[in-house]
Amino acid sequence: MDKKAMTIDLNSQILLDKAEKDGVETMYDRKIGFKNQCGFGLQGTCCRNCGMGPCRISPKTPRGICGADEHVIVGRNFARMVAGGTAAHSDHARDIAHTMALSSRDGNYTIKDEGKLVALAKEWDVETEGRDIYDIAHDVADIALMEFGKPHGVARFLKRAPKQRQEIWKNLGIEPRAIDREIATIMHSTHIGCTADIDSLINMSMRTALADGWVGSMIGTQFSDILFGTPTVRESEANLGVLEENKVNIILHGHEPSLSEMIVLASEDPELVELAKSVGADGINLAGMCCTGNEVTMRHGVKTAGDFHQQELALVTGAVEAMIVDVQCIFPALAKVADCYHTKFITTSPKAKITGSIYMEFKEEDAFNIAKEIVKSAVLNFPNRDKSKVLIPEHKSSSVVGFSTEAIIGQLDRVVNSQIDPAGTIKPLADCLKSGVLRGAVAVVGCNNAKGVSNLAHTTVMKELIKNDIIVVTTGCGASAAGKFGLLNKDAKKLAGKGLATVCELADIPPVLHLGSCVDCSRILEVVGETAKYLGLDTADLPVAGVAPEWMSEKAVAIGTYVVATGIDVYLGIMPPVGGSSRAVEILTKEMEKMVGAKFIVEEDPVKLAKKIIEGIENKRVHFEAKIEEQILQGAEA
Ligand code: SF4
Ligand code: SF4
């Protein structure tokens, strides 16, 4: 198989050639090495949950040694994926909540969005009148930390959902209680000799996933905004062409903004900029990767170096002085790739130590000093760069980023008729959906997956959707793909249908809106929830959908599951490992619709996938328009 055919990114193709020349192995080589992946694993029908196993299900061995059939095994494996994803997002959020508990007026971390903090404090019944903002912040942080393990009640943020949605969750018994409790319950129930009923396992998976989207991720996003600033619209650039020949190149990769925010500050520190000049560089060039890249581009316009599949290739440029990482989606292979160049591969989190890396532990208590040390070690590495090994491919695209919910509403205000309507509401979006100028809205999220061609499904789906007047919002590596291929550029409106292009023109936005990192999928829940509430409808009534064309991580499984549980259809471009259980497939792709008003749809061909989403949106419109009609008639009768 031709490695270069495994990606549509021209920079990646150039660097794959260089990697070969430099004798560097990448994910693309390893994927080719795994010619036939295990069929049992692909179907989800292998189990090693106890020492009697591993067991695998086949016509000859239809049950594991304990008697678990294919449905139980698939269900347990699926549930554990959801638990893994929820744990990752939520532990990230826990760290941000701890950071807020540490915040102080003259400390490393301060409160940047006081308005958002006060609003949240009021929502959570924290006294705000006449109090110091940091006392309020500490009380709010304590309450958030209780959301992980409180003994009674259900999650606080569930009240943000439309009433109808809250009722559905209550009636199904899937209201998440506390985040850690839901994760622990899944691990308990999937232990040998516990739950052996696939319906129950999928219900539990929904409850746990909701603890991610409506609790963990939501805390992560809201608290990051309060601490580091709610993103505003700004310009940036994307792809490996953002690396600079004459500067110290530092790549920030991973997820948590507590680290990346400090690295941004440190890289602007005059002392370190001077140091960079003293070692022969023109300055320091910071670039982001994966979700940390999304966090810092949203808040500071830091350029995006690339996505999940480009992490090794970034080092193959030979121009990266340091890759600084924290947690999640970091290839262990980076240690070996860094060895082939002068690059320092610096791990910082006790939660994600990697053999072969340089470990510089990051502690929030001494954040800025540690960040400066890390950046300094990158700067001092500049003279070690071997110029003969440098190749920075030239492609990059300009993008507009920073579309938090507040920023979206801010742009929508541009089309409000100030004589009639108030500013600062979601009404213009609701009106565009009602009138059909926008046929619908679709969130294109998730990773890159070596089972497909990198970036092909993301870009195909996005282009088809906008062409059909469906506005796209994106997060995670979907957002990186959109940025690299120019879809976050305002000029991309020329690729949009007439309705969407007009909206883009009037609201001065690109047709694809970058909402942030993977935890920021909670912003999508917020926008959809607010639109539904504004219209007096449930989320399932709206012409909206989610799609993860190239998903790969357990976090993506948790995201997909909470989006469906929120009443929004989720389209997947990669088949999850559930095909071995006809019952699992039946529930996930059909019966969930009866339970929560939405389901999963899987289609691995990107063109067909886009077509199915558009058909799905048009079907939803029939229902949506009937609901609106009903409201008008009721209004007329009253
Ligand atoms: S839990 Fe059952 S199916 Fe799984 S490994 Fe043990 S005996 Fe086999
Ligand atoms: S989109 Fe997927 S690959 Fe990218 S950072 Fe998020 S979980 Fe990782």
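This chain uses plain numbering: 1 for the first residue, then up along the sequence. In each ligand, atom 1 is the first atom listed, and ligand 1 is the first ligand listed.
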query: Which side chain to side chain donor-acceptor pair (under 3.5 Å) pairs, counting each pair once, include a residue from residues 558-574, with sequence neighbours left out?
result: W214-T566

Validation: residues 33-52 side-chain donor-acceptor distances under 3.5 Å, sequence neighbours left out:
from: Q43; atom 1: OE1; to: G580; atom 2: N; distance (Å): 3.3
from: T45; atom 1: OG1; to: F40; atom 2: O; distance (Å): 3.4
from: N49; atom 1: ND2; to: T190; atom 2: O; distance (Å): 2.9

field: Atoms (protein N, O or S; no water) under 2.8 Å from atom 8 (Fe) of ligand 1
entry: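 Near atom 8 (Fe) of ligand 1, the number of protein N, O or S atoms below 2.8 Å is 1.
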
field: Sequence-distant partners of D180, salt bridge (Lys or Arg N to Asp or Glu O under 4.0 Å), two or more places apart
entry: R94

message: Closer than 4.0 Å to some heavy atom of R76 - which atoms of ligand 1 meet that?
response: 1 (S), 3 (S), 4 (Fe)

Residues E591, R583: salt bridge by 4.0 Å N-O rule: yes

message: Could you tell me if D520 and T221 have a donor-acceptor pair between their side chains, going purely by distance under 3.5 Å?
response: yes

statement: Result for side chain to side chain donor-acceptor pair (under 3.5 Å) between S454 and one of Q13, Q310, H309 points to H309

